[in-house]
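First comes the structure, then the notes that go with it.
Note that this is a predicted model, so its numbers are computed, not measured. Reminder, nothing fancy here: chain letters follow the sequence lines and each chain counts from 1.
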There are 2 protein chains.
Amino acid sequence: MKNSNKRQKFFEESLILIHQKGFGATSMRDLAQHMGFKVANVYNYIDSKQALLETYLFGISNEFHQGIDDILASTYSPTEKLKALISLNVRLTAQKPYEVALLTNEWRNLENKEGRLDDFLKEREAYEGKVKQLIQEGMARGEFRPLDLELATSLLLSSVRWLYDKYTQNGQKMNPIELEKQISDFVLLGLGNS
Amino acid sequence: MKNSNKRQKFFEESLILIHQKGFGATSMRDLAQHMGFKVANVYNYIDSKQALLETYLFGISNEFHQGIDDILASTYSPTEKLKALISLNVRLTAQKPYEVALLTNEWRNLENKEGRLDDFLKEREAYEGKVKQLIQEGMARGEFRPLDLELATSLLLSSVRWLYDKYTQNGQKMNPIELEKQISDFVLLGLGNS
DNA sequence: GTCTATAATTCGATAGAC
DNA sequence: GTCTATCGAATTATAGAC
């Protein structure tokens, strides 16, 4: 096996192990053992346990940002933008379920050394602000009914936050296109678009 | 201060501290310092750190179960049961926001010693099964439109899972009754009830 | 890159005096 | 109930040989 492949395997399998055991409960020894070598070798690939978590979290966070930025910058209507946002979530989650799971469940384990947790929370707030902006635009245009903006934002964010579970769990994976459609229908009905 | 009050204060403040710092990052020394005494005294109130987490998790889990059991056993229609379920969530979250936050965020830190994690997960699945049953009944009666049952269950569960944030965060608390109404409207529209 | 060995720290929990 | 003192275990991370 080429070294680059082993490197890739390390990051892929560590990600799954961390998701399954939880970041706190996963020791460097666990990662090493899972790769079939000793603890010290873990540091051939990463600088620290925190740095590993950072890599995963900021990596997937950036993908969501790029995705939503493209959507917001498009000429789609708010309704179409919302569909595109849900599509983005389904596609990213289907593609990288464990990264998305970490983004949801393990960011609390990020320490604030050198302000990295602050950085992350700032990115998170910025993303939520973009979602809020999308909804506001839809309400302003009369495409969504005027419910509380903060509440509508929370409801929309929540409506896709469970998706990773469908793709990290064993069992039949639902057709992504059908999944998109059903979630979009549900949210658009709830927002009063008809 | 009476001892029973100090005991109560210990459990209340530990709960908040664990929510804010995360269970893993909160040491017994942190809890002691926050109470103004030394580490050893923590063990006057609890047997172990895991036992503390258990107390919180199973306590609030049982309240949700009792609540949904009463709802399911009532003669309400599915639509009314769903409203009651959302009401239950809003009320419990407004009443015990930190317990609910722990139930959502920190159950992963429960170890499986003596099968306690298995027990918790079994309770969790049972609760989700009850929610699913409610939705199924609504579909069977034609009150909800026939979308994928698992998906509808996930959407309903998600629609209230962010609530604790509204009540643990600083800032203006939304009127619980209005909160109930808006979430119910959103979900019932999404489920096709009209 | 892999190993052995170990440093350095932190943490949960206990013993025992007052 | 409170304290001091400490044990024992686990963890992250590093040093240095091969």
Shortest non-hydrogen contact from Arg145(A) toward Gly190(A): NH2-O, 2.9 Å
Minimum heavy-atom distance Ile18(B)-Thr26(B), with the two atoms named: CA-OG1, 3.7 Å
DNA chain D-proximal residues of residues 27-43 of chain B, any heavy atom under 4.0 Å: Phe37(B), Lys38(B), Ala40(B), Asn41(B)
Qualifying residues under salt bridge (Lys or Arg N to Asp or Glu O under 4.0 Å), relative to Arg124(A), sequence neighbours excluded: Glu128(A)
Test of ring centre spacing under 6.0 Å for Phe186(A) and Phe186(B): yes
With sequence neighbours excluded, residues passing ring-ring contact (aromatic ring centres under 6.0 Å, His included) with Tyr98(A): His19(A)
Heavy-atom side-chain proximity of Glu123(A) to Phe64(A) below 4.5 angstrom: no
Partner set under side chain to side chain contact (heavy atoms under 4.5 Å, CB included) for Asp119(A), not counting sequence neighbours: Phe58(A), Arg116(A)
Under 3.5 Å: donor-acceptor pair, side chain of Asp47(B), backbone of Tyr43(B): no
Overall bend - the helix from dG1(C)-dC18(D) to dC18(C)-dG1(D), comparing terminal axes fitted on five pairs, nearest 10 degrees: 0°
Heavy-atom contact window of chain A on DNA chain C, given 5' to 3' at under 4.0 Å: dG1(C) to dT4(C)
Rounded distance in Å - CD1 (Ile46(A)) to C1' (dT11(D)): 13 Å
Cation-aromatic face contact Lys96(B)/Tyr56(B), 6.0 Å, 45 degrees: no
Glu137(B)-Gln133(B) side chain donor-acceptor pair, cut-off 3.5 Å: no
